Amino acid sequence: MPTVRRSSSTSWDTDDALVAVPADRPADPRLIDRFGRVATDLRVSLTDRCSLRCSYCMPPEGLDWLPTDDVLVDDEVVRLIALAVERLGVDEVRFTGGEPLLRRGLEEIVAATNQLRTWRGEAPKTAVTTNGLGLARRARALAAAGLRRVNVSIDTLDPRRFARITHRDRLPDVLAGLRAAESAGLTPIKLNAVLLRGVNDDEAVPLTRFALAHGYELRFIEQMPLDPQGAWSRTGMVTAAEILRRLGAELTLIPADPATRGAAPAETWLVADGGRRGRVGIVASVTRPFCGDCDRARLTADGQVRNCLFAGGETDLRGLLRAGASDEQIAQAWRGDMWAKRPGHGIDDPSFLQPARPMSAIGG
Ligand code: SAM
Ligand code: SF4
């Protein structure tokens, strides 16, 4: 019988799983933690592989990919999503990776997720975070499977820079993917952009204008220490304050109502450029952390749950699943993992250690 690994210090076997939840945890079926947070937004990584090599995420030669046998098969992924939705109170499911469009069974997994019902009796909200390669071919089928929305990552509008950042000359494919997502109704489309100093930090305004022109909502993401090369530095990172300065120099910005932010990681501004109006966001995980409002849970492609991108440990649900554990045993192990969530990511702590898994192997 495999053991369940959790935060390096706790382990139990499947027979113990029902009693292994910490004694101080209230009998609440949801994914609660000690600090009053409830995880309702599940990020599901479907692969650690990718069709691009964004310099801040992966080295050009790629990484040591997960062994195929370790990666959950479609039925296993769907079983874990089902118990998250039906037993643990999850009402939003985002598929990510690596690159989720590399997963052949994505449409089937989306369709099965769409059949589930949350405690409110509704289908969970679904979205895919993608680099857009291959979206032109699959947007229609994904929409037909019940997918609601896509987040597409695009760091530059310049084809040469795109090739420099991603090591692939594929900007036209991303743009074609965006058009296809729009015509398939996978809206509102959100764009993600990471600005890198001296590479694309002059594109804050052009990217925002592009988003406004197409009715997309752009979110800049502060670069986080999750690169396998360990090259991240606080001084090298382009901060939210710097992005706001650049935007404010050319565009009209008004802070959007903070009361409507909820657990959303992005702080948003209403933005106007001549006659064009829209909204732009900044996910300032490093300089303006939002850990106190976090509502996210994460499932990796190899069936480990993590209560935070920066968690020091994870819980092995794949081992339980393959050992024949019941849904309730697996749910209990997941509840126990979430109960151990730390109050914050601790990037500013002198003791901070970058997680062993890079972003692409956790799911961004
Ligand atoms: N491949 C898909 C994509 O790029 O959208 C999904 C996975 S990717 C890890 C999800 C998001 O994480 C992307 O928007 C990417 O730019 C962002 N990302 C990757 N590494 C990051 C890092 N070190 N800091 C901040 N964001 C990062
Ligand atoms: Fe791939 Fe996304 Fe990482 Fe870029 S950010 S290398 S597209 S996983």
Side-chain angles (χ1 to χ4, degrees), residues 52 54 56 94 125 127-133 135-136 139 142-143 147-162 164-166 170-197 199-223 238-262 264-285 287-288 290 364:
L52 295 180
C54 303
Y56 51 83
R94 308 254 189 129
K125 291 185 199 125
V128 168
T129 300
T130 170
N131 63 27
L133 301 195
L135 190 55
L142 285 167
L147 184 70
R148 304 260 188 105
R149 286 198 319 97
V150 287
N151 281 25
V152 178
S153 300
I154 181 166
D155 298 332
T156 176
L157 298 169
D158 178 296
R160 270 179 307 179
R161 280 187 182 177
F162 186 92
R164 177 175 166 202
I165 294 171
T166 67
R170 304 289 299 271
L171 180 60
D173 301 78
V174 181
L175 298 175
L178 280 169
R179 287 192 295 272
E182 207 175 334
S183 58
L186 295 172
T187 53
I189 292 175
K190 291 191 179 168
L191 304 182
N192 289 349
V194 175
L195 296 182
L196 306 168
R197 191 171 306 291
V199 178
N200 62 343
D201 53 345
D202 57 349
E203 284 196 73
V205 171
L207 282 165
T208 306
R209 289 200 164 118
F210 170 78
L212 287 179
H214 290 88
Y216 307 146
E217 187 174 322
L218 171 65
R219 289 135 27 118
F220 294 100
I221 306 175
E222 278 183 348
Q223 194 186 351
V238 179
T239 63
E242 196 173 334
I243 296 166
L244 274 178
R245 258 198 316 276
R246 285 181 181 272
L247 295 179
E250 294 187 52
L251 307 167
T252 307
L253 292 180
I254 302 169
D257 179 7
T260 60
R261 180 175 177 185
E267 221 175 313
T268 55
W269 285 262
L270 304 175
V271 56
D273 179 34
R276 292 205 166 113
R277 302 266 183 285
R279 194 182 274 259
V280 66
I282 305 184
V283 181
S285 320
T287 62
R288 303 183 191 189
F290 39 86

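Computed from a predicted structure; not experimentally measured.
- Considering only heavy atoms from C-beta on, Thr252 stays 4.5 Å or farther from Leu270 through its side chain.
- Between Asn131 atom CG and Asp173 atom CG the span is 9.5 Å, to the nearest 0.5 Å.
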Contacts under 3.5 angstrom, residues 180-189 side chains, donor-acceptor by atom type, not counting sequence neighbours:
| residue | atom | partner | partner atom | Å |
| --- | --- | --- | --- | --- |
| Glu182 | OE1 | Tyr216 | OH | 2.9 |
| Ser183 | OG | Arg179 | O | 3.3 |
| Ser183 | OG | Ala180 | O | 3.3 |

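- With sequence neighbours excluded, the residues satisfying side chain to side chain donor-acceptor pair (under 3.5 Å) with Arg197 are Glu242.
- In this model, a donor atom of one side chain and an acceptor atom of the other lie less than 3.5 Å apart for Glu222 and Thr287.
- For Val238 against Leu196, the heavy-atom pair with the smallest separation is CG2-C, 4.0 Å.
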TODO: May I have the step-by-step check of side chain to side chain contact (heavy atoms under 4.5 Å, CB included) for Leu133 and Val174, ending in yes or no?
DONE: CA-CA 6 Å; Leu133 301 195; Val174 181; 3.8 Å; yes

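- Going from atom CG of Asn192 over to atom CZ of Arg219 covers 5.0 Å, rounded to the nearest 0.5 Å.
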**Asked** Would Val280 and Thr268 count as a side chain to side chain contact (heavy atoms under 4.5 Å, CB included) if you check the C-alpha gap in whole Å, the side-chain angles of each, and the deciding distance to 0.1 Å?
**Response** CA-CA 6 Å; Val280 66; Thr268 55; over 6 Å; no

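- Considering all non-hydrogen atoms of both residues, Tyr56 and Gln223 come closest at CB-NE2, 3.4 Å.
- Electrostatic pairing of Asp158 and Arg161 does not count as a salt bridge here, judged by no charged N lying under 4.0 Å from a carboxylate O.
- Listed for the Asp273 side chain is no donor-acceptor partner under 3.5 Å among the backbone atoms of Leu251.
- Atom CD of residue Glu217 and atom CG of residue Leu212 lie 10.5 Å apart, to the nearest 0.5 angstrom.
- Shortest non-hydrogen contact noted between Ala204 and Phe220 is O-CZ, 3.4 Å.
- Separation of atoms NE2 (His214) and CG (Leu178) is listed at 8.0 Å; rounding is to 0.5 Å.
- Using a 4.0 Å cut-off between charged nitrogen and carboxylate oxygen, Asp202 and Arg246 do not count as a salt-bridge pair.
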Give the intermediate values and the outcome of side chain to side chain contact (heavy atoms under 4.5 Å, CB included) for residues Thr129 and Val150.
-> CA-CA 6 Å; Thr129 300; Val150 287; over 6 Å; no

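- Expressed to the nearest 0.5 Å, how far CG of Leu247 lies from OG1 of Thr208 amounts to 4.5 Å.
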Side chain to side chain contact (heavy atoms under 4.5 Å, CB included), that's the test. Do Val128 and Asn151 meet it? Break it down for me.
CA-CA 6 Å; Val128 168; Asn151 281 25; over 6 Å; no

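- Summarising the geometry of Thr156 relative to Leu171, their closest heavy-atom pair is O-CD1, 3.7 Å, with the distance given to 0.1 Å.
- For the atom pair Leu52 CG and Thr166 OG1, the distance stands at 5.0 Å (nearest 0.5 Å).
- Shortest non-hydrogen contact noted between Leu157 and Pro159 is O-CD, 3.6 Å.
- Closest approach of Glu267 and Trp269 over heavy atoms only: O-CZ3, 3.1 Å.
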